[in-house]
Amino acid sequence: MRVRTAILLLLILVVLFLAASTSAARKAGDMRGRQRQILLQEKATLLALKQGLTLPSSAAAALADWNESNGNVCGFTGVRCDWRREHVVGLSLAKMGIRGVIPPVIGELSYLRILDLSKNNISGQVPTSVGNLTRLEGLFMNNNGISGSIPSIFSDLLPLRTRLRQLDFSNNHISGALPLDLGRFGQLQSLNKYLNLTSLKDLEMSVNHLTGQIPAELSNLVRLRTLGVSSDRITGAIPPALGSLGQLQILNVSGNHISGTIPPSIGNLTQLVFLCMQKNFISGEIPLAICNLTSLWDLEMSVNQLTGQIPAELSNLQNIGAIDLGSNQLHGGIPPSLSELTDMFYYLGLRQNNLSGNIPPAIFLNCTGLGLVDVGDNSLFGEIPRAISSTTKCQFVVINLYSNKLRGTLPRWIANCTDLMTLDVEDNLLNDELPTSIISGMKKLMYLHLSINSFRSHDGNSNLDPFFVALSNCTSLQEVEASAVGMGGQLPSRLGSLLPISICHLNLESNTIEGPIPESVGDVINMTWMNLSSNLLNGTIPTSLCRLKSLERLALSNNSLTGEIPACIDSATSLGELDPSGNVLSGAIPSSIGNLAELRYLFLQGNKLSGTNLYAIDLSSNSLTGVIPVASLGRCTLIRLDLSSNRFNGTLY
């Protein structure tokens, strides 16, 4: 009896298990069927989206897997599904060169959480159907050609206000005033009652055509970490209420028309890492409250109208990497306390102010990470600091000390800065030998500016060879500015092989260089500007100059050059300025000059040129006005005269 009962119970359990398994299998099958049905719907939406987009060949190739025969929707390029593979939750089509407008069908992907169409060539307005994407957390439309007005765009995004965290419409053609309401929009006259996007963390609207003022009501976006409205047309002052955005890490309002003073409440933004206010009309002093921003890494306040002195308390910014206060009206000295900044401190920009006093030596000695220093165009005096830290490698990449009143010599520690790209000390009172030993190991040096100082050449100011040999080691060199330094001697006969092939700008004007211009100068094939004016050069103009196809400006004035202007000069096809005036040139003006289509400035005065063999003058397509100087032109043997497309008046005789 007991055995039968046990068998019966076992049979019942088997039946129940089979029934449960069948039910589970049926439910799983139903779920898989539902997944397939949903994905089929979203696949159809994606294919319709592809059909509505204007794709270049590269993008069409990248989206080749978006096709009917591909059943793996979650494997489509740029598509991301949720973990159940039920819905498309991410769509990234950035940097594909997509053109045209966004098709409204985009709004049918209702489970999207991330939509990234940035860095394309999309135009037109954002379709209102984007408002159907109520689960959207990140919307990236930056770097396109999207148009429309601020109120219409944000009113379309109203349904997204509960979840949207990141919003980037920067670098587009959006216009209108930055609204007081970033959630519900009505008419501009009644914007003071809004702001509902309280979940928003990142707001980027830079590089559009925004107008109006920064609304104080932005302070309601208490979770905001990024606020970017740079390179727009925003006016007014920075509202003090922004100081209540305690989570803010990036504040970028640069490149606008903002005026007024910096509110001290900025000092409450203790999590701020980037503070960018450059290129505005901000006035007043730098508030001490900024020195409380101990998380700050980048302080950009250049090109404003700031006055007063640089606060010594900036030394409190122990996480700072860059300070740029250039192009303001600051006065006083450079605070020595800046030497207390850590080795994270990399960039000090104080150019174009009214600063005076010495450059504090301790800054160069203690700030071991300092790589870019730009204090040019001030009234600094004294010597360039004579020492840097001996315990670490020199980090300097840029040293800009131009247009000050610095005296003494170039410190020899600069020779250890093997990563240096720019050395600009022009327009000071330095008195030294040409920096041959300093630059000889600088393979990365691109810009060497020494002009308007006193730099003598070697062997009693008579030997230029060592300097040009040192330049030959600077294999990245592009510009040498050494005018009015008093250097003497002759240009090396192998000048063309000594100058690096990368050089395009050579200015040796107003020195006492003598002798001929070497024929090898024609080997510097990338030269665009050569200025040898106001020296003691003699001999003829080398015909090798005709080989310089990139040469745009050639200045040889005020020397003692003889002979003729080379007839091959028209081979220098890019020449826009030719100035051999103030020499002893003779012979006829070569007719080939008329073939220089880019020539805009020709100075031949003060020579012994003969004849009037100027055959062609082309001044067409300019904005020239007044009466045509027919009497002067009549003395030329012109074959072609083109004065068309100008604004001349008067009568031809």
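Small disclaimer: the values here were computed from a predicted structure and weren't measured.
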How many angstroms lie between [atom1] in [X] and [atom2] in [Y], if you round to the nearest 0.5 Å?
{"X": "Ser457", "Y": "Phe468", "atom1": "OG", "atom2": "CZ", "answer": "10.0 Å"}
{"X": "Leu448", "Y": "Gln478", "atom1": "CG", "atom2": "CD", "answer": "12.5 Å"}
{"X": "Phe455", "Y": "Thr436", "atom1": "CZ", "atom2": "OG1", "answer": "11.0 Å"}
{"X": "Asn595", "Y": "Leu575", "atom1": "CG", "atom2": "CG", "answer": "12.5 Å"}
{"X": "Asn535", "Y": "Ser557", "atom1": "CG", "atom2": "OG", "answer": "9.5 Å"}
{"X": "Leu551", "Y": "Ile525", "atom1": "CG", "atom2": "CD1", "answer": "13.0 Å"}

Quick one: does [X]'s side chain have a donor or acceptor within less than 3.5 Å of a partner on [Y]'s backbone?
{"X": "Asn120", "Y": "Gly100", "result": "no"}
{"X": "Asn121", "Y": "Ile98", "result": "no"}
{"X": "Ser302", "Y": "Leu325", "result": "no"}
{"X": "Asn280", "Y": "Asn256", "result": "yes"}
{"X": "Asn144", "Y": "Leu117", "result": "yes"}
{"X": "Asn507", "Y": "Glu481", "result": "no"}
{"X": "Asp427", "Y": "Tyr402", "result": "no"}
{"X": "Asn172", "Y": "Ser147", "result": "no"}
{"X": "Asp374", "Y": "Leu401", "result": "no"}
{"X": "Asn558", "Y": "Ser534", "result": "no"}

Given side chains that start at C-beta, do those of [X] and [Y] come closer than 4.5 Å, heavy atoms only?
{"X": "Pro516", "Y": "Asn538", "answer": "yes"}
{"X": "Asn511", "Y": "Leu532", "answer": "no"}
{"X": "Ile234", "Y": "Thr211", "answer": "no"}
{"X": "Gln329", "Y": "Gln305", "answer": "yes"}
{"X": "Ile310", "Y": "Leu355", "answer": "yes"}
{"X": "Thr418", "Y": "Met442", "answer": "no"}
{"X": "Asn531", "Y": "Leu506", "answer": "no"}
{"X": "Met527", "Y": "Val521", "answer": "no"}

Quick one about [Y] and [X] (side-chain donor to acceptor, distance below 3.5 Å, no hydrogens or angles considered), yes or no?
{"X": "Thr528", "Y": "His505", "answer": "no"}
{"X": "Gln352", "Y": "Ser327", "answer": "yes"}
{"X": "His209", "Y": "Arg233", "answer": "yes"}
{"X": "Ser403", "Y": "Asp377", "answer": "no"}
{"X": "Ser206", "Y": "Ser230", "answer": "yes"}
{"X": "Ser533", "Y": "Glu509", "answer": "no"}
{"X": "Arg386", "Y": "Thr409", "answer": "yes"}

Please check if the distance between the ring centroids of Phe396 and Phe364 is under 6.0 Å.
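Phe396 vs Phe364: aromatic centres under 6.0 Å.
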Among [options], which residue satisfies the side chain to side chain contact (heavy atoms under 4.5 Å, CB included) criterion with [X]?
{"X": "Leu471", "options": "Leu434, Leu498, Ile439", "value": "Ile439"}
{"X": "Ser581", "options": "Leu585, Asn583, Asp579", "value": "Asp579"}
{"X": "Asn428", "options": "Ile452, Leu380, Ile384, Leu406", "value": "Leu406"}

Disulfide (SG to SG under 2.5 Å) partners for Cys504, two or more places apart
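Per chain and number, Cys504 pairs via disulfide (SG to SG under 2.5 Å) with no residue.
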Taking only residues two or more places apart in sequence, or in another chain, which ones meet Cys546 in a disulfide (SG to SG under 2.5 Å)?
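Counting only residues at least two positions away or on another chain, Cys546 forms a disulfide (SG to SG under 2.5 Å) with Cys568.
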Set of salt bridge (charged side-chain N to carboxylate O under 4.0 Å, His left out) partners for [X], sequence neighbours left out:
{"X": "Asp523", "value": "Arg547"}
{"X": "Asp324", "value": "Arg351"}
{"X": "Lys405", "value": "none"}

State, to 0.1 Å, how close [X] and [Y] come at their nearest heavy-atom pair, and which atoms those are.
{"X": "Val425", "Y": "Asn453", "answer": "O-ND2, 2.9 Å"}
{"X": "Pro56", "Y": "Arg99", "answer": "CB-NH1, 3.7 Å"}
{"X": "Asn400", "Y": "Thr422", "answer": "OD1-CG2, 3.4 Å"}
{"X": "Thr512", "Y": "Asn461", "answer": "OG1-ND2, 4.3 Å"}
{"X": "Asn328", "Y": "Val303", "answer": "ND2-N, 4.0 Å"}
{"X": "Pro566", "Y": "Pro590", "answer": "O-CG, 4.1 Å"}

Relative to the ring of Tyr601, is the ring of Phe603 parallel (under 30°), tilted (30 to 60°) or perpendicular (over 60°)?
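Parallel, since the angle between the ring planes stays under 30°.
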Counting only heavy atoms from other residues, nucleotides and ligands, does the tally under 6.0 Å from [atom1] of [X] exceed 12?
{"X": "Leu536", "atom1": "CG", "value": "yes"}
{"X": "Lys95", "atom1": "NZ", "value": "no"}
{"X": "Arg407", "atom1": "CZ", "value": "no"}

Extract all donor-acceptor atom pairs below 3.5 Å that involve side chains of residues 488-495 and protein atoms in other chains or at least two apart in sequence.
none

